[in-house]
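Worksheet: one structure, shown below.
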Protein chains: 2
Amino acid sequence: MLLDMKHWKHVFKLDPDRELSDEQLDRLCVSGTDAIMVGGSSGVTFENTVDLLARIRRYEVPCVLEVSNLEAIVPGFDLFFIPIVLNARDPQWIVGHHHQALREYGAILDWQLVRTEGYIMMNGQSTAARITEADTALDAKDVEAYVRLADRLFHCPVVYIEYSGTFGDMELVARCKELVREARLFYGGGIDSPDKARKAAQSAHTIVVGNAVYERFEQALATVQAVQSN
Amino acid sequence: MLLDMKHWKHVFKLDPDRELSDEQLDRLCVSGTDAIMVGGSSGVTFENTVDLLARIRRYEVPCVLEVSNLEAIVPGFDLFFIPIVLNARDPQWIVGHHHQALREYGAILDWQLVRTEGYIMMNGQSTAARITEADTALDAKDVEAYVRLADRLFHCPVVYIEYSGTFGDMELVARCKELVREARLFYGGGIDSPDKARKAAQSAHTIVVGNAVYERFEQALATVQAVQSN
């Protein structure tokens, strides 16, 4: 069965390097979220990724690996998301790691399971922006140009506007959603309450709730209902 | 009318910064080549591009602009090829210039006419490789990984192996042709005789004859017949 992302409104992003109790994981997996995305900016290893996958696999929820580390490509996920960081200054994060991965696994990869994400890093203070040396001094026209580039030049099925821990400019996100023709617009950053989830879901196709899971668990859990009941 | 590149076997690449007599241009345009591609690594301006386009437009041959310079985007071509230099060390040649162009023209562009080319620069001595700071220390597995990346991750309709002025490794090119699923494999470099054209055409889907037009005109012209009579 191939997953259809077209109906995804809500995704939890879980970090293999951070702790969740079995009870918390259970509540997330049966929450009604459309998918669990596994990924993180640092400390992701094969071991902690395979461990988290095994725990999520007890549930029916679709489970996606966002690949950020060649050493941590674990088989058995429903989809593999490959980030292309469009505003990275270091080309390793645009094509370099991808090239290295394809050099190793290109011949054996099941391409049906691979999806590119055209990432736009918006928060220069975030770990991800620092690692990728992202140019975050972007005005609205810059962001819109990256959205078009990801959608129409690179044919990314996911265009991902990532504010990492801060709540973004929802007017800009909404304009970007109008620009994409084939891609689905993902928004992530600062969604730590049902109210913010609702606002973000009005602007993006799919919202991603990450940090809040670890910092404000009950609020994070309540974002599902806020979005899915719309 | 939209052009179908699927049947292209032979292309002449003409440099707006180099000279051709009217008689030479006439013979190229009625030669039976599948298309004329206009582009160059240096000295390309709006003026010399529009001038060359006007001269080619008197003929029926399809005419494509390979965009290498934002200042030289001239309307009126049948297609616009956008190079993505996969092995560039300078990210400007992977996404930067593209982003800048979309910032300016993204809203008014006719996307039906745009095609990406996933470029692999093979000759470190060439002007193009020096400008893009290409990493040309590639073994066969590296090249194959870039081919897969262009074809399957970036969905480039053209994957272009460019040996710029030297005749490449035809066994490697032939293997790369077998790897692409959706793209057409273009080969360019060192085709300055009918014999080399024939060999290259056995390995790639489409061969590009460039420098030879300016250096060995009659031999360059004879490459068309060598390929099209196969």
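On a predicted model such as this, the values are computed, not experimentally measured, just so you know. Residue numbering restarts at 1 for every chain, and letters A, B, ... go by the order of the sequence lines.
In terms of heavy-atom proximity, Pro75(A) sits nearest to Phe80(A) at CA-CZ, 4.2 Å. When every heavy atom of Ile73(B) is checked against every heavy atom of Phe46(B), the shortest pair comes out as O-CE1, 3.5 Å. Scanning all heavy atoms of the two residues, the minimum distance from Val159(B) to Ala150(B) falls at CG2-CB, 3.7 Å. Ile56(A) approaches Cys29(A) most closely through the heavy-atom pair CG2-SG, 4.2 Å. Residues Thr49(B) and Leu65(B) approach most closely at CG2-CD1, 3.8 Å, considering heavy atoms.
Per-residue heavy-atom pair counts under 4.5 Å with chain A were compared for Gln92(B), Lys141(B), Arg152(B), and the maximum is reached by Arg152(B). Interface summary for chain A: among Val114(B), Asn87(B), Leu153(B), the most heavy-atom pairs under 4.5 angstrom belong to Leu153(B).
Chain A is approached within less than 4.5 Å, heavy atom to heavy atom, by Ile94(B), Val95(B), His98(B), His99(B), Leu102(B), Arg103(B), Gly106(B), Ala107(B), Trp111(B) from residues 94-111 of chain B, ordered by number. Within residues 163-188 of chain A, the residues that have a heavy atom under 4.5 Å from a heavy atom of chain B are Arg181(A), listed by number. The stretch residues 121-139 of chain A places Asp139(A) near chain B, each with some heavy atom under 4.5 Å from a heavy atom of that chain.
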- request: Test Val213(B) against Phe12(B) for side-chain contact (heavy atoms from CB on, under 4.5 Å), laying out the working first.
  value: CA-CA 8 Å; Val213(B) 168; Phe12(B) 280 124; 3.6 Å; yes
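Rounding to the nearest 0.5 angstrom, the gap separating the CD1 atom in Ile120(A) from the OH atom in Tyr146(A) is 8.5 Å. For the atom pair CD1 of Ile161(A) and OG of Ser203(A), the computed distance is 9.5 Å after rounding to the nearest 0.5 Å. Rounding to the nearest 0.5 angstrom, the gap separating the CG atom in Leu52(A) from the CZ atom in Arg57(A) is 11.0 Å.
Although no hydrogens or angles enter the test, the distance criterion places a donor-acceptor pair under 3.5 Å between the side chain of Asp78(B) and the main chain of Cys63(B). A donor-acceptor pair under 3.5 Å is formed between the side chain of Tyr214(A) and the backbone N or O of Asp15(A).
For the residue pair Glu66(A) / Tyr119(A), a side-chain donor-acceptor distance below 3.5 Å is found, with atom types taken as modelled.
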May I have the list of side-chain donor-acceptor pairs in residues 34-45 of chain B shorter than 3.5 Å, sequence neighbours left out?
| unit_1 | atom_1 | unit_2 | atom_2 | d |
| --- | --- | --- | --- | --- |
| Asp34(B) | OD1 | Gln228(B) | NE2 | 3.4 |
| Asp34(B) | OD2 | Lys9(B) | N | 2.7 |
| Asp34(B) | OD2 | His10(B) | N | 3.0 |
| Asp34(B) | OD2 | Gln228(B) | NE2 | 2.9 |
| Thr45(B) | OG1 | Glu47(B) | N | 3.4 |
| Thr45(B) | OG1 | Asn48(B) | N | 3.0 |
| Thr45(B) | OG1 | Asn48(B) | OD1 | 3.2 |
| Thr45(B) | OG1 | Asn48(B) | ND2 | 3.4 |

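A 4.5 Å side-chain heavy-atom check between Asn211(B) and Arg18(B) finds at least one atom pair inside the cut-off.
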